[in-house]
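Keep in mind that the numbers below use all heavy atoms, side chains included, and drop hydrogens, waters and symmetry copies. Quick note: residue numbers are just sequence positions, from 1.
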Amino acid sequence: MEIKYQSTRSNAEAVTASQAILKGLADDGGLFVPTDIPKLDVSLEKIAEMDYQQTAYQVMKQFLTDFTEEELKNCIRCAYDDKFDTKEIAPLVEKAGVYYLELFHGSTIAFKDMALSILPHLMTTSARKNHIENQIVILTATSGDTGKAALAGFADVAGTSIIVFYPKNGVSAIQERQMVTQKGSNTSVVGITGNFDDAQSGVKAMFNNKELAAVMDQKGYQFSSANSINIGRLVPQVVYYVYSYTRLLKAGAVKNGEAVNFVVPTGNFGNILAAFYAKNMGVPVGKLICASNDNKVLYDFFETGVYDKNREFILTSSPSMDILISSNLERLIYRIAGEDAKATKAMMEALAGEGKYEITDAMKEQMKDFVGGWASEEKAAAEIKRVYDATGYVMDTHTAVASAVYQSYKERTGDNTKTVIASTASPYKFATSVMAAIDPKYSGEDDFVLIDELEKTSGVKIPNAVEEIRSAAVLHDTVCETADMQKTVENILGL
């Protein structure tokens, strides 16, 4: 069955998977969603005998139906190779009865590698399939991890260039150093004086600027996105939820058909939406537990049905979740609104105008799979220490938010369903916060100073991604006001 992609905001003609990947965002500003969420056509028991790459093919072939078997397998082979420091790609680690799905074994030690290792190959294959001659300019806003993973994926990829905007004072020292030391003749990194939501809004405005698109086309350029608004980011994320369930099946930890809960630290809503898609593909999922930090706009939404971004933006030690506009939620809204593009568009316009919208009771009924939870800075830090003291396992700040939310959920509900926590970054990305949680004497120390201490504490070797940036030269030092983002892009491209 051919799967096409429809905008969440209009009934315009559906496009192929490769066209949706190239565009990133629909012409009307909506996000692309599959016209149908396909089912797996191979049993979970069979997938349990497959490795990560084979599992990826079984999942992704269902969504990317205009790719040939050879094209898709080549993309997968190029993505999931020795860039990852473990053969399993996404190992499942059991500690005290909870399973941590480690999604940080790629070249930039964050879960974004799981999708951004393959997106450049999907993108260049899509360009060939659609006879695109323009250079593809990847334009991306990052709250810390997407930026480096996208830069690493697209660096020196022929026919592409990449421009990343990040909040200058809103990422960790290691996250910033990873980006500003990025090599590659086609890479640009720009700090902005605002927060992530400002960066994301600026990027979306450029995508929607038809005059800018015309000027770029004349000069031989066109925009695409590496953010999770791109369906080429979302589809590869579905894979690891299928993979983790089948690992539990293979290990005999669950019986076939037995439900598993997933807890996902959530900012832009893409990662947990991928788990929802996996459930719809046929993975037995119980609850999807959406974990927020102090920026708990999603928690409040699941509690009340009102999405309200009119609140203080709080900088936390889990910066990839410091987001008040969760872009991917639009895809869920469209689905629970009965795929009503007009209603979805009205809600997104209300969000842009008044900063909030409310869903109907009928829509709330369709969100019973989801449970919201949130953990304060103090709770997340206490969870890092609790798990370390109990098991010796060291987790990062984002995983700690999810783990703390899960503990609260379990105490509140008594739900003993087997549970997988998405572990989204290496503790090495946030060494100071992690070490200070374990022992307050480390508070205020520099991330780079504490890397060696973290190695001794965790027993885990310092990743190459951290070693190589310790002494790397800064190659990108541009900073601009939010209002000047478009002007900065024009300068970079020589428009």
Side-chain angles (χ1 to χ4, degrees), residues 24-25 29 108 110 112 116 137-152 154-155 161-182 184 186-209 212 216 221 223-230 233 267-268 270 293-295 297 309-328 351-352 355 429-430 447 469 474-495:
L25 204 60
T108 76
K112 308 292 171 82
L116 284 163
V137 179
I138 304 299
L139 186 65
T140 289
T142 185
S143 54
D145 287 337
T146 287
K148 173 59 183 179
L151 287 160
F154 282 94
S161 58
I162 176 164
I163 303 169
V164 170
F165 287 96
Y166 74 97
K168 176 67 185 156
N169 298 309
V171 299
S172 80
I174 286 178
Q175 284 177 314
E176 181 171 48
R177 183 79 68 88
Q178 281 189 305
M179 288 189 279
V180 297
T181 59
Q182 176 66 50
N186 64 339
T187 63
S188 300
V189 180
V190 183
I192 67 156
T193 53
N195 60 37
F196 170 74
D197 287 333
D198 298 325
Q200 183 165 253
S201 296
V203 163
K204 279 189 172 179
M206 281 184 268
F207 268 103
N208 291 327
N209 187 328
L212 178 60
M216 286 180 62
Y221 295 115
F223 280 142
S224 191
S225 170
N227 277 82
S228 54
I229 55 175
N230 193 315
R233 266 279 303 276
N268 222 4
N293 63 14
D294 284 308
N295 293 292
V297 63
K309 75 175 181 75
N310 300 313
R311 62 185 70 208
E312 183 192 356
F313 184 94
I314 302 166
L315 289 174
T316 74
S317 62
S318 46
S320 295
M321 300 160 69
D322 292 347
I323 292 173
L324 295 180
I325 304 171
S326 302
S327 286
N328 271 288
L351 181 64
K429 272 208 149 167
F430 309 95
D447 273 350
I469 61 169
V474 171
L475 303 174
H476 307 274
D477 57 5
T478 305
V479 178
C480 78
E481 299 291 329
T482 308
D484 294 331
M485 286 172 64
Q486 182 173 321
K487 198 190 301 176
T488 304
V489 168
E490 289 169 356
N491 289 341
I492 289 168
L493 298 177
L495 301 182

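For S143 against V171, the heavy-atom pair with the smallest separation is O-CG1, 3.7 Å. Across K429 and A110, no two heavy atoms sit closer than the pair NZ-CB, 3.7 Å.
Side-chain contact between L151 and I162 is present, with heavy atoms from C-beta onward closer than 4.5 Å. Two residues are said to be in side-chain contact when any heavy atoms from C-beta on lie closer than 4.5 Å; F223 and V489 meet this criterion. The side-chain heavy atoms of S327 and N227, taken from C-beta on, include no pair separated by under 4.5 Å. Side-chain atoms of P319 and F196, non-hydrogen and from C-beta on, never get closer than 4.5 Å to each other. At a threshold of 4.5 Å between non-hydrogen side-chain atoms, the residues N268 and T146 do not count as touching. Residues V190 and H476 form no side-chain contact, since every pair of their non-hydrogen atoms from C-beta on lies 4.5 Å or further apart. M485 has its side chain within reach of V203: a pair of non-hydrogen atoms, C-beta onward, lies under 4.5 Å apart.
In this model, a donor atom of one side chain and an acceptor atom of the other lie less than 3.5 Å apart for N295 and D322. Side-chain N/O atoms of K148 and Q175 include no donor and acceptor closer than 3.5 Å. A donor-acceptor pair shorter than 3.5 Å cannot be found between the side chains of Q178 and T108.
The structure places OG1 of T482 at 4.5 Å from CG of D198, a figure rounded to the nearest 0.5 Å. Expressed to the nearest 0.5 Å, how far OG1 of T478 lies from CD1 of I192 amounts to 13.5 Å. Annotation: the span from L139 atom CG to M216 atom CE amounts to 8.0 Å, rounded to 0.5 Å. Going from atom OG of S172 over to atom CG of D447 covers 5.5 Å, rounded to the nearest 0.5 Å. The CD atom of Q182 sits 11.0 Å away from atom CD1 of I469, with the distance rounded to the nearest 0.5 Å. Between S326 atom OG and Q200 atom CD the span is 8.5 Å, to the nearest 0.5 Å.
The side-chain hydrogen bond (donor to acceptor under 3.5 Å, both in side chains) analysis of residues 187-197, with sequence neighbours excluded, yields the pairs T193-E481.
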Between L212 and M206, does the side chain to side chain contact (heavy atoms under 4.5 Å, CB included) criterion hold? Intermediate values first, please. CA-CA 7 Å; L212 178 60; M206 281 184 268; 4.0 Å; yes
Worked verdict on T142 versus K112 for side chain to side chain donor-acceptor pair (under 3.5 Å): CA-CA 11 Å; T142 185; K112 308 292 171 82; 5.7 Å; no
N208 vs L25, test: side chain to side chain contact (heavy atoms under 4.5 Å, CB included). Steps then yes/no. CA-CA 9 Å; N208 291 327; L25 204 60; 3.9 Å; yes
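Applying the side chain to side chain contact (heavy atoms under 4.5 Å, CB included) test between I138 and each of S161, S225, S224 identifies S224 as the sole match. The side-chain hydrogen bond (donor to acceptor under 3.5 Å, both in side chains) with N293 is formed by just one residue from the set S317, S320, S318; it is S318.
Annotation: side chain to side chain donor-acceptor pair (under 3.5 Å) contacts of Q486 (sequence neighbours excluded): N209, E490.
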